Amino acid sequence: MPEGSIYPLQIRTEVRRSDIDAVRRIVESTGFFHPYETAIAVELVEERLNRGPASGYEFVFADSNGEPAGYTCYGLIGCTKASYDLYWIAVAQDRQGLGLGRILIEESERRIAAAGGLRVYIETSNRPLYVPTRGFYLRCGYEQEAVLKDFYAPGDDKVIYGKALNPRFDSEG
Ligand SMILES: CC(C)(COP(=O)(O)OP(=O)(O)OC[C@H]1O[C@@H](n2cnc3c(N)ncnc32)[C@H](O)[C@@H]1OP(=O)(O)O)[C@@H](O)C(=O)NCCC(=O)NCCS
């Protein structure tokens, strides 16, 4: 069982220069991602810092005890009216299983709904490594929408999850 507390907890959407290292540290700590995937996660932070909202990347950070412990990155999907992609969600390895992932995903959904979003999509792999991740998405109300066979590699399918948001589910909760 995980030990410790995620509190005091601060949720913020402002992205800081120091988040470049924080995201690298969080993503690496999970042990889930290839170095090239970590590089992409970091690039999205840099893109947001350099281009602001025009980057199309929105972030929610959770600072636990003053230290970034998890985050999400999401954005409106081009050519859709109100569909959003959750590009990344990661919680530092030593902070997992304490409810932080749910707080982050629900806060992201609140903000997406407040911006007029109606649907959220998440993609993941069907590899056994991602069994806990898929369990987490189902637990958070996501439904499996599609499977793209052998998408990542032979035997490694892409699984797409979706969730409809309540349009009245605004930022006030
Ligand atoms: C997936 C991840 C973001 C979840 O964050 P977390 O803080 O560990 O999850 P939480 O503690 O908030 O759990 C939220 C809910 O999911 C459930 N859950 C977590 N793991 C689960 C599993 N393996 N099977 C079923 N349910 C699970 C919890 O029981 C909890 O349910 P509840 O709120 O109804 O009690 C985190 O574990 C992580 O970063 N994993 C590695 C990286 C990753 O897979 N990222 C996503 C791919 S981009």
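None of these values were measured; they are calculated from a predicted model. Counting starts at 1 for both ligands and their atoms, following the listed order.
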Non-neighbouring partners of Tyr36 that pass ring pair (Phe, Tyr, Trp, His ring centres under 6.0 Å), sequence neighbours left out: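 Here the qualifying residues are His34.
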
Residues that Phe61 engages under ring pair (Phe, Tyr, Trp, His ring centres under 6.0 Å), provided they are two or more places apart: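 So Phe61 forms a ring pair (Phe, Tyr, Trp, His ring centres under 6.0 Å) with Phe59, Tyr71.
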
Using a side-chain heavy atom cutoff under 4.5 Å and only I, L, V, M, F, W and Y, what cluster partners does Tyr121 have?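 Joined to Tyr121, directly or through intermediates: Ile77, Leu148, Phe151, Tyr152, Ile160.
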
Verify whether one side chain among Thr124 and Thr133 offers a donor that lies under 3.5 Å from an acceptor in the other.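 Checked: Thr124/Thr133 side chains show no N/O donor-acceptor pair below 3.5 Å.
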
Should Arg95 and Glu67 count as side-chain neighbours, where that means a heavy-atom distance under 4.5 Å?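 The answer is no, as the side chains (C-beta and beyond) never meet within the 4.5 Å cut-off.
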
Ligand 1: which residues have a non-hydrogen atom closer than 4.0 Å?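 Close residues (ligand 1, cut-off 4.0 Å): Thr30, Phe32, Phe33, Ile89, Ala90, Val91, Gln96, Gly97, Leu98, Gly99, Leu100, Gly101, Arg102, Pro132, Thr133, Gly135, Phe136, Tyr137, Arg139.
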
How far apart are the C-alpha atoms of Phe136 and Tyr142, what are their side-chain angles, what is the distance that settles it, and do they pass the ring pair (Phe, Tyr, Trp, His ring centres under 6.0 Å) test? CA-CA 9 Å; Phe136 167 76; Tyr142 286 77; 8.4 Å; no

